[in-house]
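Below: the structure, in structure tokens.
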Amino acid sequence: MGREEIVKRLGQYHLTAFQKRVLLATYAIPKGKTLTYKQLAEKAGYPKAYRAVGSVMKMNPLAPEIPCHRVVKSDGTLGNYSAPGGISKKRRMLKAEHAL
DNA sequence: TTCCTGACGCTCG
DNA sequence: GCGAGCGCCAGGA
């Protein structure tokens with residue numbers, strides 16, 4: 001699954017430019033690495049929209065293509081996770097890819 | 001269009 | 001070390 005494919009799929013949903021950029025930035029996170037919401041916001045081109053990033057994550061139309069579980073809070077904690085399994089699932093996935 | 005809500009971040013006391 | 005407050009941006013009702 002390449003970036004082009006992701007872009008194409010995102011096009012099928014009614015997403016704003018902001019949402020697309022955030023999702024693509026999330027997709028770009030390499031396996032085994034994690035980014036903070038703030039860093040992700042910067043990567044997406046909206047350095048101060050770190051709060052809105054969370055809103056995009058919860059929508060995440062392409063899970064698990066979009067590794068939203070690799071996004072954590074700045075203080076090191078995992079933050080939240082709305083997908084089935086919740087926070088414990090998130091922690092477990094990160095551990096599975098040596099990101100924890 | 002205005003108001004409310006967040007998977008947040010940072011500063012203070 | 002920890003909770004309270006305030007600031008932040010984009011969505012959704």
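No hydrogens, no waters, no symmetry mates; every other heavy atom, side chains included, goes into these values. It should be emphasised that the depicted structure is a prediction, and the values quoted were computed from it without experimental measurement. Residue numbers start from 1 in every chain, and the chains themselves are labelled A, B, ... in the order their sequence lines are given, proteins ahead of strands.
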From [options], nucleotide with atom closest to [X] side chain:
{"X": "A:A49", "options": "B:dC10, C:dG11, C:dA10", "answer": "C:dA10"}
{"X": "A:A52", "options": "C:dC9, B:dG9, C:dG11", "answer": "C:dC9"}
{"X": "A:T16", "options": "B:dG9, C:dG12, C:dA10", "answer": "C:dA10"}
{"X": "A:K48", "options": "B:dA7, C:dG12, C:dC9", "answer": "C:dC9"}

In whole angstrom, what separates [X]'s [atom1] from [N]'s [atom2]?
{"X": "A:Q19", "N": "C:dC9", "atom1": "CD", "atom2": "P", "value": "17 Å"}
{"X": "A:Y46", "N": "C:dA10", "atom1": "OH", "atom2": "P", "value": "7 Å"}
{"X": "A:M57", "N": "B:dT5", "atom1": "CE", "atom2": "P", "value": "23 Å"}
{"X": "A:L15", "N": "C:dG12", "atom1": "CG", "atom2": "C1'", "value": "14 Å"}
{"X": "A:K58", "N": "C:dA10", "atom1": "NZ", "atom2": "P", "value": "15 Å"}
{"X": "A:K38", "N": "B:dG6", "atom1": "NZ", "atom2": "C1'", "value": "18 Å"}
{"X": "A:D75", "N": "B:dT11", "atom1": "CG", "atom2": "P", "value": "13 Å"}
{"X": "A:L35", "N": "B:dG9", "atom1": "CG", "atom2": "P", "value": "12 Å"}

Looking at [N], does its base get a donor-acceptor pair with the side chain of [X] below 3.5 Å?
{"X": "A:R51", "N": "B:dG9", "value": "no"}
{"X": "A:Y37", "N": "B:dA7", "value": "yes"}
{"X": "A:S82", "N": "B:dA7", "value": "yes"}

Q: Answer with base, sugar-phosphate or nothing: what part of the nucleic acid does A:Y50 contact at a heavy-atom distance below 4.0 Å?
A: base
Q: Check every strand shown and say whether A:K73 touches a base, only sugar-phosphate, or nothing at a heavy-atom separation below 4.0 Å.
A: sugar-phosphate
Q | Evaluation steps, side chain to side chain contact (heavy atoms under 4.5 Å, CB included), between A:R70 and A:K31 | A | CA-CA 8 Å; A:R70 291 179 192 153; A:K31 180 183 178 184; 3.7 Å; yes
Q | Joint hydrophobic cluster, A:L10 plus A:Y46, side-chain heavy atoms closer than 4.5 Å | A | yes
Q) Which atom names give the shortest non-hydrogen contact between A:I6 and A:L24, and what distance separates them? A) CG2-CD2, 3.8 Å
Q.
Once rounded to the nearest 0.5 Å, what's the spacing between atom CG of A:N80 and atom CE of A:M57?
A. 13.0 Å
Q. Just how far is it from atom CE of A:M93 to atom CG of A:L78, taken to the nearest 0.5 Å?
A. 12.0 Å
Q | Phosphate-side-chain proximity, A:S55 and B:dG6, N/O vs OP1/OP2 below 4.0 Å | A | no
